[in-house]
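Here is the structure we will look at, set down as C-alpha cells.
Starting from 1, each residue takes its place in the sequence as its number. Only this structure's heavy atoms are used, side chains among them; waters, hydrogens and symmetry mates stay out.
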Amino acid sequence: MTTLALGGASIDGGLYTWITDLAQRAPHVLNTLVSYWTDYGLGLFAVLMLIGWWRARHAGATAMAMALAAPVAVVAAYAANDVIKSFFNEQRPCQTLHTVTVEACPALGDWSFPSNHSAIAAAAAVAIVLCGRRLGWIAVPAALLMGASRIWVGAHYPHDVVVGLLIGALVAWPLTLLARRAAPAVDRLSATRLRPLVAAR
C-alpha cells in the first residue's frame with residue numbers, strides 16, 4: 001500500500017510547541033486531570049449513549065433505532081479514521097519535535113494523523129445530539145475537550161485533532177440519520193421478548 005509521509009511540524013508545529021510549553025508551566029493538578037480525561041474520558045460517551053438508549057425506550061421506534069445506531073456509528077467512524085491513518089505516515093509530534101510532554105510519547109510507528117480519540121469523541125457526540133439535544137449539551141463540549149486534551153498531553157498536532165473531529169462527525173451524522181429507516185424493525189422487536197430493550201411499555 002502506498003503511504004504519504006506527512007510533515008506535521010510544518011503545518012502547525014509552532015502552535016503545538018506553544019501548547020506543550022504552556023502545559024509544562026501549568027499546575028500539576030491540572031495536568032493530572034487532563035491526563036485522566038484523555039485516557040479515560042471516552043467512557044463518558046458510552047454512559048451518555050446508554051442514557052440516550054434508556055430515554056429512547058419512552059420515545060418511540062424511530063428514536064430507539066437512532067439510539068441503537070449510535071455505537072455502530074462510533075465504530076464506523078473509528079474504522080474510517082483508522083483507514084485514513086494508514087495512508088499517512090505522520091510521526092507523533094513528540095517524536096519529531098522532541099519536546100517535553102505531559103504524557104509519555106507513543107512509540108515510533110504509532111501514527112499521529114488523524115486522531116482516533118478525536119474521531120471517536122466527535123462521532124459519539126454527533127450521534128448523541130441527534131438522539132437528544134439535552135445530552136448534546138454535555139457530549140459536544142466533552143468531544144472538544146477530548147480533542148484539546150490530545151494536544152495538551154503532547155500526543156497530537158492540532159491538525160490531527162481537527163481532522164479527526166471532522167471525520168467522526170461526517171461519518172456519524174448520516175449513519176445515525178439513516179438508522180431512522182430501521183424503525184419498522186424496532187417495532188417488530190417490540191412485539192417479541194426483547195420488548196423491554198426497545199420500549200418502556
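With contacts defined as side-chain heavy-atom distances shorter than 4.5 Å, the pair Leu165/Leu144 qualifies. Counting heavy atoms from C-beta on, the side chains of Glu90 and Trp111 never come closer than 4.5 Å. Using a 4.5 Å cut-off on side-chain heavy atoms (C-beta onward), Thr99 and Pro93 make no contact. For the pair Phe45/Val74, no side-chain contact is recorded, criterion being any heavy-atom separation below 4.5 Å from C-beta on.
Atom OG1 in Thr20 sits 13.5 Å away from atom CD in Glu103 (nearest 0.5 Å). Here CD1 of Ile151 is found 7.0 Å from CG of Leu15. Values are rounded to the nearest 0.5 Å. Distance check, rounded to the nearest 0.5 Å: CD1 of Ile51 to CH2 of Trp54 gives 12.0 Å. Rounded to the nearest 0.5 angstrom, Arg150 CZ and Leu145 CG are separated by 13.5 Å. In this structure, CG in Leu135 is found 7.0 Å from CD1 in Ile128, a value given to the nearest 0.5 Å. Rounded to the nearest 0.5 Å, atoms CE (Met49) and CG (Leu44) are 9.5 Å apart.
Applying the side chain to side chain contact (heavy atoms under 4.5 Å, CB included) criterion to Cys94, with sequence neighbours excluded, gives Tyr16, Arg92, Thr101, Cys105, Pro106.
For the pair Arg180 (side chain) and Leu177 (backbone), a donor-acceptor distance under 3.5 Å is present. Judged by distance alone, with hydrogens and angles left aside, the side-chain atoms of Thr176 form no donor-acceptor pair with the main-chain N or O of Trp173 at under 3.5 Å. A donor-acceptor pair under 3.5 Å links the side-chain atoms of Asp160 to the main chain of Tyr157, judged by distance alone. A donor-acceptor pair under 3.5 Å is formed between the side chain of Ser149 and the backbone N or O of Met146. Of the possible donor and acceptor atoms, one in the side chain of Asn31 sits under 3.5 Å from a partner among the backbone N and O of Ala23. The closest donor-acceptor contact from the side chain of Thr17 to the backbone of Gly14 lies under 3.5 Å.
Connection of Val83 to Leu166 is not established within any shared hydrophobic cluster, with ILVMFWY side chains joined at heavy-atom distances below 4.5 Å, either directly or through further cluster members. In the hydrophobic clustering of this structure, Trp53 does not group with Val126; members are Ile, Leu, Val, Met, Phe, Trp, Tyr whose side-chain heavy atoms approach within less than 4.5 Å, directly or through other members. Hydrophobic clustering, with ILVMFWY side chains joined whenever heavy atoms are under 4.5 angstrom apart, keeps Leu33 apart from Ile138. Leu30 and Val100 fall into different hydrophobic clusters, where Ile, Leu, Val, Met, Phe, Trp and Tyr are joined by side-chain heavy atoms under 4.5 Å apart, directly or via other members. Hydrophobic clustering (ILVMFWY, side-chain heavy atoms < 4.5 Å, transitive): Tyr36 and Val153 are in distinct clusters.
Between His159 and Phe113, the angle of the ring planes lies from 30° to 60°, which puts this pair in the tilted group.
Minimum interatomic distance between Ala155 and Ser112 (heavy atoms only, all atoms of both residues): O-OG, 3.8 Å. Here the shortest heavy-atom pairing between Ile120 and Leu42 reads CG2-CD2, 4.0 Å. Across all their heavy atoms, Ala127 and Ala70 have their closest contact at CB-CB, 3.7 Å. Annotation for Val171 and Ala73: closest pair CG1-O, 4.3 Å, computed over non-hydrogen atoms. Nearest heavy atoms, Pro174 versus Ala169: CD-O, 4.5 Å. In terms of heavy atoms, Ala143 sits closest to Ala125 at CB-CB, 3.8 Å.
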Checklist entry - Checking side-chain contact (heavy atoms from CB on, under 4.5 Å) for the pair Ile84/Ile167: CA distance, chi angles, key distance, verdict? => result CA-CA 9 Å; Ile84 294 171; Ile167 291 170; 3.5 Å; yes
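Atom CH2 of Trp37 has more than 12 heavy atoms from other residues, nucleotides or ligands within 6.0 Å.
Among pairs with a residue in residues 117-135, those fulfilling side chain to side chain donor-acceptor pair (under 3.5 Å) read Ser115-Ser118, at least two apart in sequence or across chains.
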